S.K.: 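First, the structure itself, so that you have it in front of you.
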2 protein chains.
Amino acid sequence: MDRMPEDIPHPSLDEIRIERVLHALADPIRLHLVRELARLDTGVACGSIDLPITKSTRTHHLRTLREAGVVTIHPAGTSRITTLRRADLDTLYPGLLDGILNAPH
Amino acid sequence: MDRMPEDIPHPSLDEIRIERVLHALADPIRLHLVRELARLDTGVACGSIDLPITKSTRTHHLRTLREAGVVTIHPAGTSRITTLRRADLDTLYPGLLDGILNAPH
DNA sequence: TTCGTAGTTCGAGAACCTTCGTACTACGAT
DNA sequence: ATCGTAGTACGAAGGTTCTCGAACTACGAA
């Protein structure tokens, strides 16, 4: 795992596995988070996307996305900025993310 | 569900949901099956792709793929022909399948 | 008709996932 | 220094998934 300056671990490009990415995206809540991140097209405070779940569940889902390599998370004061790893995913799996984001929903 | 002549149910295009497709593809055994189906590029008897699992587990995985809309299965004598729904998936999610099939593994 | 082959169904166990509440840490503002 | 806010860690409950073996069905061949 790459250690970021802030000590939150993220998988490097060669550690990302397609099965984990697909599993991360297969959950409705996580897919919704990813769609919002893609739509806003900028890093965003985790809590700013509202969802019918508790704080701890949100943390769990964000961790799943981060560990799969779908997002980066880094601290910013008392908050955390979550960013879609769009370029990394496009490099590894060209077409995959767009195919998912453009899907009917 | 569309009823095929052979009475094995398959989801129609508008019944296919991205979450289920992603979940179906997130399992290593199912992903391997799909890759083999794509490589052979023709319908194939279920049993001809060898895997370190029992018959009933294979049935379970093929059912998961079929119900998600990833493959079609239809009887042929005492056997069953499984086919990747490549055109359907490309229509619904352009780029997704290629992105997955071209992924390193 | 009898047998073998291909696959399904069912039930059960283990492992895993999702969700939550509670307790905790860390930072910024007052 | 104290408080509030943002988020994490942990444990537990409930649900789902994966895997298997055993019993079953369906078709074709001998």
Side-chain angles (χ1 to χ4, degrees), chain A residues 1 3-10 17 19-34 36-37 43-83, chain B residues 1 3-10 17-34 36-37 40 43-83:
Chain A
M1 294 284 205
R3 293 271 156 181
M4 306 205 90
E6 305 84 1
D7 204 33
I8 295 178
H10 293 77
R17 292 196 350 258
E19 293 91 343
R20 285 196 95 173
V21 172
L22 294 173
H23 171 253
L25 296 173
D27 179 274
I29 286 177
R30 290 192 294 260
L31 186 56
H32 181 247
L33 277 169
V34 167
E36 283 300 287
L37 289 172
V44 117
C46 309
S48 76
I49 298 169
D50 68 20
L51 286 166
I53 56 173
T54 63
K55 279 192 306 174
S56 50
T57 302
R58 183 190 306 258
T59 295
H60 161 72
H61 285 306
L62 286 168
R63 192 215 300 236
T64 301
L65 288 169
R66 173 177 54 80
E67 289 179 347
V70 178
V71 303
T72 57
I73 300 181
H74 65 273
T78 172
S79 182
R80 249 127 260 232
I81 301 299
T82 303
T83 313
Chain B
M1 293 284 205
R3 291 273 157 180
M4 307 207 88
E6 306 84 0
D7 204 33
I8 295 178
H10 293 75
R17 292 197 348 259
I18 185 78
E19 292 92 342
R20 285 195 93 168
V21 172
L22 293 173
H23 171 254
L25 296 173
D27 179 274
I29 287 177
R30 291 193 292 261
L31 187 56
H32 182 248
L33 277 168
V34 166
E36 283 300 287
L37 290 171
L40 300 169
V44 117
C46 310
S48 76
I49 298 168
D50 70 19
L51 288 167
I53 55 173
T54 63
K55 280 193 304 174
S56 50
T57 301
R58 183 189 307 258
T59 296
H60 161 71
H61 286 305
L62 286 168
R63 192 213 304 231
T64 302
L65 287 169
R66 172 176 55 78
E67 289 179 347
V70 178
V71 302
T72 56
I73 300 181
H74 66 273
T78 172
S79 184
R80 249 130 261 232
I81 302 299
T82 303
T83 313

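Small disclaimer: the values here were computed from a predicted structure and weren't measured. To find a chain, count down the sequence lines: A is the first, B the second, and so on, and within it residues start at 1.
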S.K.: Between atom CD1 in B:Ile29 and atom C1' in C:dC16, what is the gap in whole Å?
M.R.: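 About 15 Å, once rounded to whole Å.
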S.K.: Dot-bracket for DNA chain C, 5' to 3', with Watson-Crick and G-U pairs under 3.5 Å, [ ] for crossing pairs and | for other-strand pairs: what is it?
M.R.: ||||||||||||||||||||||||||||||
S.K.: Taking atom CG of B:Leu62 and atom OG1 of B:Thr57, what is their separation to the nearest 0.5 Å?
M.R.: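 The CG atom of B:Leu62 sits 11.0 Å away from the OG1 atom of B:Thr57.
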S.K.: Rounded to the nearest Å, what distance is computed from the CG atom of residue B:Leu25 to the P atom of nucleotide D:dC18?
M.R.: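 Nearest whole value for this atom pair: 12 Å.
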S.K.: Is there a side-chain polar atom (N or O) of A:Thr54 under 4.0 Å from OP1 or OP2 of C:dC20?
M.R.: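 Yes, A:Thr54 has a side-chain N/O under 4.0 Å of OP1/OP2 on C:dC20.
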S.K.: Could you pick out which residue, A:His60 or A:Lys55, lies toward the 5' side of DNA chain C when each is mapped onto its nearest nucleotide?
M.R.: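 Counting from the 5' end, the first nearest nucleotide belongs to A:His60.
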S.K.: Okay, side chain of B:Arg66, backbone of B:Thr82: is any donor-acceptor separation there less than 3.5 Å?
M.R.: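 Answer holds: no.
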S.K.: State, with a plain yes or no, whether a side-chain heavy atom of A:Leu51 is found less than 4.5 Å away from one of A:Leu33.
M.R.: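 Counting from C-beta outward, A:Leu51 and A:Leu33 do come under 4.5 Å.
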S.K.: Write down the distance between NE2 (A:His74) and C1' (C:dC27), rounded to a whole number of angstrom.
M.R.: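 Atom NE2 in A:His74 sits about 15 Å away from atom C1' in C:dC27.
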S.K.: Take atom CG of B:Leu51 and atom C1' of D:dC20, then tell me their distance rounded to the nearest Å.
M.R.: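 Spelled out: CG on B:Leu51 to C1' on D:dC20 is 15 Å.
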S.K.: Please state how far atom CG in A:Leu22 lies from atom C1' in D:dT17, giving the value in whole angstrom units.
M.R.: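 In whole Å, D:dT17 C1' and A:Leu22 CG are 17 Å from each other.
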S.K.: With rounding to the nearest 0.5 Å, note down the distance linking CG in A:Leu22 to CZ in B:Arg30.
M.R.: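 One finds 11.0 Å between CG of A:Leu22 and CZ of B:Arg30.
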S.K.: Taking any heavy-atom pair under 4.0 Å as a contact, classify A:Leu62: base, sugar-phosphate, or nothing.
M.R.: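 The answer is nothing, as A:Leu62 stays clear of every strand by at least 4.0 Å.
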S.K.: Would you say B:His61 places a side-chain N or O within less than 4.0 Å of OP1 or OP2 belonging to D:dT19?
M.R.: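 So the side-chain polar atoms of B:His61 do come within 4.0 Å of the phosphate oxygens OP1 or OP2 of D:dT19, strictly under.
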S.K.: OP1, OP2 of C:dA6 versus side-chain N and O of B:Arg58: anything below 4.0 Å?
M.R.: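 So the side chain of B:Arg58 is outside the cut-off, no N or O lying under 4.0 Å from OP1 or OP2 of C:dA6.
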S.K.: Heavy atoms only: give me the nearest B:His10-B:Val71 pair and the separation to one decimal.
M.R.: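 Scanning both residues completely, I find the closest heavy atoms to be CD2-O, 3.6 Å.
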S.K.: On DNA chain C, compare the nucleotides closest to B:Ala45 and A:Asp27; which residue's is nearer the 5' end?
M.R.: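 The residue mapped nearer the 5' terminus is B:Ala45.
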S.K.: When you get a sec, tell me which of D:dC18, C:dC27, C:dT18 is the closest nucleotide to the side chain of A:His23?
M.R.: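 Nearest to the side chain of A:His23 among the choices is C:dT18.
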S.K.: What is the distance, rounded to the nearest whole Å, between atom CG of A:Leu33 and atom C1' of C:dT18?
M.R.: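 After rounding, the reported distance stands at 14 Å.
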S.K.: For the side chain of B:Ser56, starting at C-beta, report the closest nucleotide among C:dT19, D:dA6, C:dC10.
M.R.: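 Minimum distance to the B:Ser56 side chain belongs to C:dC10.
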S.K.: Distance check: side-chain N/O of A:Thr59 vs OP1/OP2 of D:dG7, anything under 4.0 Å?
M.R.: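 Negative; the distance criterion is not met.
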S.K.: Quickly work out the A:Ile73 CD1 to D:dA9 P distance and round it to whole Å.
M.R.: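 It works out to 11 Å between those atoms.
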S.K.: For the side chain of A:Arg58 and the backbone of A:Ile49, is there at least one donor-acceptor N/O pair under 3.5 Å apart?
M.R.: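 Flag set: sc A:Arg58 to bb A:Ile49 pair under 3.5 Å.
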S.K.: Look at the side-chain N and O atoms of B:Ser79 and state whether any lies under 4.0 Å from the OP1 or OP2 oxygen of C:dG7.
M.R.: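 True: B:Ser79 side-chain N/O within range (under 4.0 Å) of C:dG7 OP1/OP2.
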S.K.: Taking atom CG of B:Leu25 and atom CZ of B:Arg20, what is their separation to the nearest 0.5 Å?
M.R.: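 It is 12.5 Å, given to the nearest 0.5 Å.
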S.K.: Counting only side-chain N and O atoms of A:Arg30, is one of them less than 4.0 Å from OP1 or OP2 of C:dT18?
M.R.: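 Affirmative; the distance criterion is met.
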S.K.: Take atom CD1 of A:Ile53 and atom P of C:dT18, then tell me their distance rounded to the nearest Å.
M.R.: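 Value for this atom pair: 11 Å.
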S.K.: Atom CD in B:Glu67, atom CD1 in B:Ile73: separation rounded to 0.5 Å?
M.R.: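 Those atoms lie 9.5 Å apart.
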